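A note on names: the letters A, B, ... follow the listed sequences, proteins ahead of strands, and every chain is numbered from 1. Computed from a prediction, not measured in an experiment: that's the story for all the values here.
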Amino acid sequence: MARVVVDVMLKPEILDPQGQAVQRALPRLGFTGIADVRQGKRFELELEGPVDDAALARIREAAETFLANTVIEDFTVRVEDGQ
Amino acid sequence: MARVVVDVMLKPEILDPQGQAVQRALPRLGFTGIADVRQGKRFELELEGPVDDAALARIREAAETFLANTVIEDFTVRVEDGQ
Amino acid sequence: MTTRVGVVTFPGSLDDRDAQRAVRLAGAEPVALWHRDKDLHQVDAVVLPGGFSYGDYLRAGAISRFSPVMATIIEQARLGMPVLGICNGFQVLTESHLLPGAMLRNNHLHFICRDQKLRVENATTAWTSDYQVGQEISVPLKNMDGRYTADPRTIEELEAEGRVVFRYVDVNPNGSINDIAGITNAAGNVVGLMPHPEHAVEPLVGTGRTDGLPFFTSVLKQLVSS
Amino acid sequence: MSLDTVKNAEQTPDAGQPWAELGLKADEYARIREILGRRPTGAELAMYSVMWSEHCSYKSSKVHLKQFGEKAPQSDAMLVGIGENAGVVDVGQGYAVTFKVESHNHPSYIEPYQGAATGIGGIVRDILAMGARPVAVMDPLRFGAADHPDTRRVLPGIVAGIGGYGNCLGLPNIGGEVVFDSCYQGNPLVNALCVGVMKHEDIHLAQASGAGNKVILYGARTGGDGIGGVSVLASETFDATGPAKRPAVQVGDPFQEKLLIECTLEVFREKLVLGIQDLGGAGLSCATSELASAGSGGMRIDLDLVPLRDATLSPEEILMSESQERMCAIVEPGKVERFLEICEKWDVIATVIGEVTEGERLEIFWHGEQVVDVPPRTVAHDGPVYQRPYARPSWQDALQADAPTAERLARPGTGEELKQTLLKVAGSPNQASKAWITDQYDRFVIGNTVLATPEDSGMVRIDEETNLGVSVATDGNGRYAKLDPYAGAQLALAEAYRNVAASGAKPLAVSDCLNFGSPEDPDVMWQFAEATRGLADACLVLGTPVTGGNVSLYNQTGEVAIHPTPVVAVLGVIDDVTRRTPIGFADEGHHLYLLGDTADELGGSAWSQVVHDHLGGLPPKVDLERERLLAEILIAASRDGMIDAAHDLSDGGLAQALVESCLRGGLGARVIVPAELDPFVFLFSESAGRAVVAVPRSEELRFTDMCGARGLPATRIGVVDGDALEVQGQFTVSLAELTEAHTGVIEALLG
Ligand SMILES: Nc1ncnc2c1ncn2[C@@H]1O[C@H](COP(=O)(O)OP(=O)(O)O)[C@@H](O)[C@H]1O
Ligand SMILES: [Mg+2]
């Protein structure tokens, strides 16, 4: 089976309190040198059939209409290699 | 600035209610042929300095102790290329 | 003829019975609508209640938005039927683009349950005509993803057209832009807000105030007079 | 590994088995062989080991818990007593209420969010299994020191888990406790309570009868969650150093549980269910053996039919899995179709996995081969019973002798010192406002919440027409129990009882969660024996039977046990919730009365902890007849409209009660120290059996006459007034200063 990954991140101009909370905590835990943190979602989709262009187009549509809310989020779709 | 991505996913044996909810919704929306969906987190970390081995080791430690809950989650750390 | 107000139950809706009670206390007949049923059973208006439909998994309101009943509601709302979205219902309304913008996680990242003071900014919508502009009311607020956001153009438009219906007063509980607690569409028939007016309809329970009742009497009047 | 069938077990009697690893003792393993007349199969061994674990069999506690039945007071209200998933109490008008408190301590330390979340999920299914609609939850919690770094990890996770699960289910959280004490450092206590309501005729029991009736498993798919969790987690001291035995964590899916609730209530409504059991600890092993054991016949299960999340699970693992959000129902064949239809309506997976049989055996099959053939009772009910040795600890006398007398611990002398002490106590983590925590819980959902945090009890309306309601409070003071476990358990009961009465409800019944250290330590076992004896004796006097509860042992790190912590929940009924009494002082001019007697009792007190970090002496004296009289007065005064506010006195004494009532109502008070009392004792003593009430002037005579006639001391101590708390001749502190001290404390530590 083939795996497609959809990454969904808040648009850069949208405040990301989860990422900020992580960023604020890191130095307290002794991890310095990290200028910015953004937190998003990662979806791993296992396809039944082959990952051809048609399949990818459908997944892109699912991401556009469903997995991401494009009012606030951007997404990328990619085939996971080496799995 | 360099970007490191930490992907955090629930361990395979751990129940993923969110992924399941997405998987069950997809066919209703007309997206068929998806055998499994897992939902996880994606952290994008912008480093102040270079992404050398030392930096990656530190990020791996941060992932291990903080970004992921290794009781139930696995993580991977990788340098984002082409950004 | 009594006015029929539908209250949708999605899987995971929680405040549906509360919304029905509020409708009843306002003098209308509550009608339970089921998410899988496209038919609205001759209701005159619809409430999308609070709760965690589909567990709020993926995003609050994201999965319920695609239910069969929503297809009909979206159609009817465009034709002018009054629709009120409370909390999760508001999230469903933004996800289905009946209202602009989107809801984000509260800026403090916690679920918050409190008695929240609001200012009424628009008393001309189907659901707010029994209020006065500038009136301050207190109703319970309880949510995890209540931070309203939209792009600057949309915000400007909402403000310019007076479509911000409620604003948080004293405390902004979640980081919403411009303290926005609730908005309406251009026609004024669709209203969404994060706080829960249906939990402020009896002096005995909740916060012991009835500040939320005018929502339900407003729509009743509008329907009777139209 | 080849399948270990019954046949195989008969043919290979000497095959080695991992009974010790599964937590069984040699004699227990021998007993299983004796019961079966052969060695158990792997699947049978799994079932026995998990069902005979401390957690499921109560083997160390059973002999003491018996007293709750033996000494049970005569009560017409009890409809279902100890032994079922939860007790059921008659509250009138045809309604019955079921409630129970349970622990999820160990899982919550390992994975705070999921551990606490599944704790809520589990107790809610218990209540549901009785036939009731769950209507509210509560969460008595104990953490290590408030400023300890690990508390920062554990507390936010636990609170988020309880909120995340309960909020998503739509159950109002109407109360609980938050206590910090370093004794809970490696052993936080997460107790969870649920209340459910039904009509008398809706009561359901966990029993399988009628050969040919179907066994339906419904809810979530079965995965590898918490396999061995019950036996490993609950039976052995958690070893903080090594994750060696760390089992798969159970992850909760509250959305699935919400569907399970609605679906189950609908099958109840259509009378499709003969017997029902939730799947909790020990999963299918527990549900099948308990259902079969309580029924008339046997049961046959085909494990291949169980819907799996992980296809590689072995039959042993399927039997032991603790996957959440599952239930098991016994349904007549003619009703199966409708049952499955309703499940489909709610998107709940439901599968017939077996049936009730004529025989007396529980038989389980896998791939057509028999892997289990046991008498179900031997699994579910005939577990080992231990008479653990116990003895009064050698240190107990010295602890009790170390009383916080004025000579030993400096007391505030001046007005200014008293004021500083009051602010310090009110602002200490245990006494400070818990709003940062409780605001993460939905207390309004369902629209029937009459009282919730920070009131004395949580109260919900159960009938909108008649305004019938119930009220629940939970309490437990580990410091008192450490000083004297017998009295400590009674004080926990007395406080919860008093809290229910203070809100105007009549206490009816008790549920308890007994959190203790290792039963293998005679000191701990003595604490346990004393606490159960104390609780049973006190329930008899107060007329409130124990309807059910839970025992959590092995709460210790190395040799050091937690304070003995009996948490007691009291349920009360109120005919008309509009008559409830809140704690807030909301009307100027009302007179304040202190009910009860105040003595110099500061052993185990909040003051001794906050100011001197001291624990010694004796806890406050228990006078149950006085508690009963006080409750009667509080209930009568509420019913007849004689008081407008009431707050029981407990940790922090009168000072703390005044602070809370003033802040809640937004008004100050002027208070006079009675001539016969030392101001410090007046303000900070924790004598039991007391409450402060606000009486409208028009009712004053009637109220004092009633107290006088019944022999309850009622001392007028002041008046509700202004925006400061003034203790005349001593100090004045503004509400603003009180707010400053009392709020924001928890978030400053953890936020
Ligand atoms: N974990 C919690 N969850 C919900 N409510 C809580 C919790 N902890 C404390 N509360 C509420 O806060 C209030 C004050 O608690 P506490 O001081 O322990 O009450 P009391 O002394 O009357 O038993 C009560 O209403 C109690 O129910
Ligand atoms: Mg109290």
Side-chain angles (χ1 to χ4, degrees), chain C residues 9-22 24-25 34-37 49-58 60 63-64 67 87-88 106 108-116 139-144 171 173 195-209 212, chain D residues 133 156 159-173 252-263 344-348 435-453 459-461 464 467 469 576-580 582 584 586 747 750-751:
Chain C
T9 298
F10 299 106
S13 289
L14 305 178
D15 306 87
D16 44 348
R17 277 168 295 154
D18 310 84
Q20 290 176 15
R21 182 191 294 122
R24 196 166 51 242
L25 288 172
W34 182 239
H35 70 112
R36 282 193 196 166
D37 190 355
F52 285 78
S53 62
Y54 291 96
D56 273 5
Y57 298 154
L58 185 59
I63 300 181
S64 0
S67 59
C87 194
N88 199 240
N106 296 337
H108 45 77
L109 303 179
H110 297 295
F111 185 95
I112 174 110
C113 174
R114 65 194 307 270
D115 193 7
Q116 177 68 46
V139 295
L141 171 93
K142 51 194 189 74
N143 62 64
M144 185 72 158
V171 187
H196 287 263
E198 84 285 18
H199 282 295
V201 293
E202 287 183 278
L204 180 66
V205 291
T207 54
R209 259 187 292 268
Chain D
R133 173 178 278 282
V159 168
I162 289 167
Y165 204 99
N167 296 340
C168 189
L169 280 190
L171 293 178
N173 185 311
D253 180 353
F255 171 59
Q256 173 72 59
E257 179 117 327
K258 167 68 178 167
L259 299 183
L260 202 59
I261 293 174
E262 296 304 331
C263 165
E344 198 280 330
K345 170 184 168 188
W346 288 101
D347 292 323
V348 168
W436 184 80
I437 290 169
T438 54
D439 282 356
Q440 297 185 45
Y441 305 149
D442 185 346
R443 57 185 177 275
F444 298 118
V445 66
I446 306 189
N448 284 324
T449 306
V450 177
L451 296 175
T453 175
M459 185 181 288
V460 292
R461 173 176 67 183
E464 287 184 42
N467 283 326
D576 179 359
V577 287
T578 62
R579 289 287 178 198
R580 83 248 179 246
E747 58 255 62
L750 308 157

Counting only heavy atoms closer than 4.5 Å, note whether C/E198 contacts chain D via side chain, backbone, both or neither.
->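 No part of C/E198 comes within 4.5 Å of chain D.
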Choice from C/R114, C/R36, C/H196, C/R17 maximising heavy atom contacts with chain D below 4.5 Å =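 Heavy-atom pairs under 4.5 Å are most numerous for C/R36.
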D/W436 vs C/H110, side-chain contact (heavy atoms from CB on, under 4.5 Å): CA-CA, chis, key distance, verdict = CA-CA 10 Å; D/W436 184 80; C/H110 297 295; 3.5 Å; yes
Which atoms of D/N467 approach chain C - backbone, side chain, both or neither, heavy atom under 4.5 Å |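 Side chain only.
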Between D/R443 and chain C, which part of the residue has a heavy atom less than 4.5 Å away: side chain, backbone, both or neither?
->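 D/R443 touches chain C through backbone and side-chain heavy atoms alike.
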I would like to know whether D/E464 and C/R24 meet side-chain contact (heavy atoms from CB on, under 4.5 Å); could you show each step before the answer?
-> CA-CA 13 Å; D/E464 287 184 42; C/R24 196 166 51 242; 3.9 Å; yes
Is any side-chain heavy atom of D/T449 closer than 4.5 Å to a side-chain heavy atom of C/V205?
->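 SC-SC contact between D/T449 and C/V205 ruled out.
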Report yes if the side chains of D/Q440 and C/K142 come closer than 4.5 Å at any heavy-atom pair, otherwise no.
->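 No; the side chains remain at least 4.5 Å from each other.
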Looking at D/Q256, D/E262, D/M459, D/R580, which one has more heavy-atom pairs under 4.5 Å with chain C than the rest?
->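 Highest number of heavy-atom pairs under 4.5 Å: D/R580.
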Between chain C and each of D/V450, D/I446, D/T578, count heavy-atom pairs under 4.5 Å; write down the option with the most.
->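 Most heavy-atom pairs under 4.5 Å with chain C: D/I446.
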Could you pull out all residues at least two apart from C/Y54 that satisfy ring pair (Phe, Tyr, Trp, His ring centres under 6.0 Å)?
->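 Here the qualifying residues are D/F255.
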Check side chain to side chain donor-acceptor pair (under 3.5 Å) between C/T207 and all other residues, then give those that pass, not counting sequence neighbours.
->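 Residues passing side chain to side chain donor-acceptor pair (under 3.5 Å) with C/T207: none at all.
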Sequence-distant partners of C/N143, side chain to side chain donor-acceptor pair (under 3.5 Å), two or more places apart |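 Only C/N106 meet the side chain to side chain donor-acceptor pair (under 3.5 Å) criterion with C/N143.
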Hey, which residues of residues 159-169 of chain D are touching chain C, say heavy atoms under 4.5 Å apart?
->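 The stretch touches chain C at D/N167, D/C168, D/L169.
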According to the interplanar angle, ranging from 0 to 90°, do the rings of C/H199 and D/F444 count as parallel (below 30°), tilted (30 to 60°) or perpendicular (above 60°)?
->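 Taking D/F444 first and then C/H199, their aromatic rings sit tilted (interplane angle of 30° to 60°).
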Main-chain N/O of D/G447 paired with C/D18 side-chain donor or acceptor, under 3.5 Å |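 Here the side-chain-to-backbone pair exists.
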Can you see which heavy atom on C/G12 is nearest to which on D/L259, and at what distance?
->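 That closest heavy-atom pairing would be N-CD2, 4.3 Å.
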